[in-house]
Amino acid sequence: MITVDVQKQLGAFRLDVQFEADRETVVLFGRSGSGKSRTLAAIGGLMRPDSGTIVVGGRTVFDSAGHIDVPAQQRNLGYLFQQIALFPHMTADENIAYALTGWSREARARRVEELKELLRIEDLGGRYPDRMSGGQQQRVALARALARPVEALLLDEPFSALDEALREDLRAELLRLRSELDVPVICVTHDLREAHLLADRIAVVEEGRVLQFDPRSEVFQHPASRRTAELTGVRNIFPARGLGGSRVEIDGVAFEVATPVADGALLDVCIRSERCLLRRIEPSEALPPNCFVADITSELAFGNSYTLRFEPVGTGPAVEVEVSSHPYDVLGIASRKRWVVDLPATDLHVMPRG
Amino acid sequence: MQIACLVVDRAVDRRGVGNPRAWSLTWLFVSPTLLFAAFVLVPLVALGIRGWQDGEVAGRLTSPFALQALRLSVVTSTLSLALALVLGVPAAYLLARVRFPGHRLLTILVELPMVLPPTVAGVALLVAFGRRGIIGSALSDVGLELAFTTTAVVLAQLFVAAPFLVRSLQAGFEAIDPTYEDVSRTLGVSEWRTFWRVTLPLARPALLSGAVLCWTRALSELGATLIFAGNFEGRTQTMPLAIITAFESSAGLSGSIALSLVLLAVASMLLVLVRFAHLRPRGDL
């Protein structure tokens with residue numbers, strides 16, 4: 001268990017974050033410069049906060065009021081750096097064994113073998129870092145960080161130095177490790193997909209503050225504010241007005257939503273682009289609820305999916321819709337530009353105006 | 001100058017298939033470079049030829065006069081290197097890693113002896129540590145004489161040569177990504193052990209070249225030694241002083257040639273050694 005509540009003034013930038021991690025993976029998600037790596041440095045004892053407390057595994061390692069500041073050396077954390085930073089003058093084995101000071105020669109050798117097996121790098125033993133691939137280096141660095149018993153694992157953009165194919169590999173590896181380690185893992189990333197893949201809970205960080213700290217599905221499906229929605233990749237965010245009951249008005253069209261709203265309330269309503277539906281409806285039929293007519297104005301092909309931009313015909317909001325390539329072909333979207341767009345009530349998420 | 005180097009570098013990298021403009025610049029720069037190389041090489045070769053012609057090199061080198069000077073030079077320059085390491089390694093580390101009040105002042109202090117004429121250094125040392133000097137007079141009261149002793153030779157060499165070690169090593173420390181030290185900390189390894197296991201090994205090339213520069217500078221020290229330590233055979237007469245003494249004696253030029261050849265050999269050997277040490281990739285960043 002890790003509990004973090006720290007403040008630090010860095011020039012004009014103010015860091016002020018709170019979150020906790022049980023035996024789970026918590027992802028600190030945000031853009032570069034949002035303060036997430038600095039938060040990790042504070043937990044690791046590499047940056048001293050101005051105020052606050054940090055508790056790791058029941059032990060207070062930082063408490064400004066109690067004048068407690070345990071040095072990095074004694075915090076017993078596995079810390080994986082963005083730069084990987086294997087010691088270039090040591091072999092893989094020497095890098096892994098580096099932390100095992102005071103161990104007997106046999107115990108150290110045994111531990112190194114264990115770790116190499118765990119990370120599947122048995123054949124790297126005598127090799128120097130400049131003779132390893134990026135993925136191999138990262139595995140050695142992870143073995144090095146895990147060599148001693150650790151209270152938690154801190155990962156700072158662990159895969160950003162690797163190319164895409166290797167990243168997939170190592171993410172899967174990390175998920176496997178996670179189930180074997182049974183300690184809190186705190187992972188910093190700016191990659192949305194990575195955050196979604198690894199996280200049990202996500203803390204969305206911006207400008208030094210935690211905008212939202214919730215289970216993964218909650219953050220992705222029910223963002224707390226317009227900003228969180230934007231950061232987690234929601235492309236359709238509309239200013240809206242409450243009509244009472246569970247109805248809102250967006251750009252002159254009334255929509256049903258899943259939650260009750262006050263009449264006249266100023267709101268933001270959002271929907272993820274993959275949640276929007278396209279329908280074919282004969283012009284003679286009446287439009288079902290939550291539907292409006294729109295034209296495709298541009299489309300982007302991403303191989304396995306298409307992103308379509310719609311402009312309303314008459315009233316209604318402009319929306320972005322993501323369609324997988326199979327329905328795209330089956331529906332014949334390439335040859336038909338006018339559609340009825342359906343924003344299902346269950347996927348329209350209501351937020352206070354931000 | 002720097003741009004020119006880059007252009008030539010690229011031309012060389014492409015092994016001659018590079019763009020023709022880079023090559024035209026290369027050809028333009030060939031003559032001055034050759035001239036410069038010849039300017040350095042010709043006197044050194046002349047020294048060798050003349051020594052061989054004289055045919056007395058071996059005899060002169062094994063004379064008590066030469067052996068004494070050689071031994072004194074090796075001992076004092078090694079001692080001053082040792083002192084420079086003890087004082088200079090911590091100073092270089094602090095200058096590279098810590099921003100403290102007086103940082104800039106210390107930087108200037110370190111660089112000053114490099115640009116100061118050694119004779120000025122000698123006068124200053126004498127005024128400070130001579131018998132009637134500021135500190136020297138106090139030392140003299142307790143029976144400690146520094147000026148005109150072998151210790152003075154070491155101090156003069158230290159003053160003049162240590163900055164070369166500090167500058168080189170400071171640059172070496174600065175080139176090391178502090179992340180390596182952070183990694184070591186998070187692995188539970190103490191600051192002291194981190195320094196010995198990570199920081200210093202990574203700075204090895206800089207340490208080595210700095211040490212060689214410092215040692216050869218100490219070996220060739222003349223001006224400061226002459227003023228602060230004097231020219232006493234067996235006590236303060238190092239090789240450079242012996243060369244001057246021989247030059248001014250009846251033996252004249254021939255006497256100094258043999259001694260000069262020794263210093264030339266030592267210096268070239270060291271330089272080659274450092275170049276080879278630099279070629280080893282590991283530890284470099």
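Scope of the values below: all heavy atoms of this structure, side chains included, with no hydrogens, waters or symmetry mates. In the text below, chain A, chain B and the rest are named by the order of the sequence lines, each starting its count at 1.
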| task | Would you mind reporting whether B/V183 and A/F87 have side-chain heavy atoms less than 4.5 Å apart? | result | yes
| Is the backbone of B/R197 close enough, under 3.5 Å, to the side chain of A/H89 for a donor and an acceptor to pair up by distance? | yes
| field | Residue part contacting chain B, namely of A/Q74, when any heavy atom lies under 4.5 Å | value | neither
| note | Among residues 138-160 of chain A, residues within the sub-4.5 Å heavy-atom range of chain B, in order of number, are A/R144, A/A145, A/R148
| said: To the nearest 0.5 Å, what is the distance between CE on A/M90 and CG on B/L202? | reply: 8.0 Å
| field | Proximal component of A/L100, with respect to chain B [non-hydrogen, under 4.5 Å] | value | neither
| Within-4.5 Å side-chain heavy-atom neighbours: B/T186 and A/F81 | yes
| query | What part of A/L46 is in contact with chain B, defined as an atom under 4.5 angstrom from a non-hydrogen atom: side chain, backbone, both or neither? | reply | side chain
| Closest heavy-atom pair and its distance - B/L187, A/Y98 | CD1-CD2, 3.8 Å
| field | Flag if over 12 foreign heavy atoms under 6.0 Å of CZ, A/R14 | value | yes
| remark: Under 4.5 Å to a heavy atom of chain A? For B/S190 that would be backbone
| said: Tell me whether B/F100 at atom CZ has more than 12 heavy atoms from other residues, nucleotides or ligands lying less than 6.0 Å away. | reply: yes
| message | Quick one: does any side-chain atom of A/Q73 pair with a main-chain N or O of B/R185 as donor and acceptor, under 3.5 Å? | response | no
| task | Starting at CD1 of A/I84, measure out to OG1 of B/T179 and round the result to the nearest 0.5 Å. | result | 11.5 Å
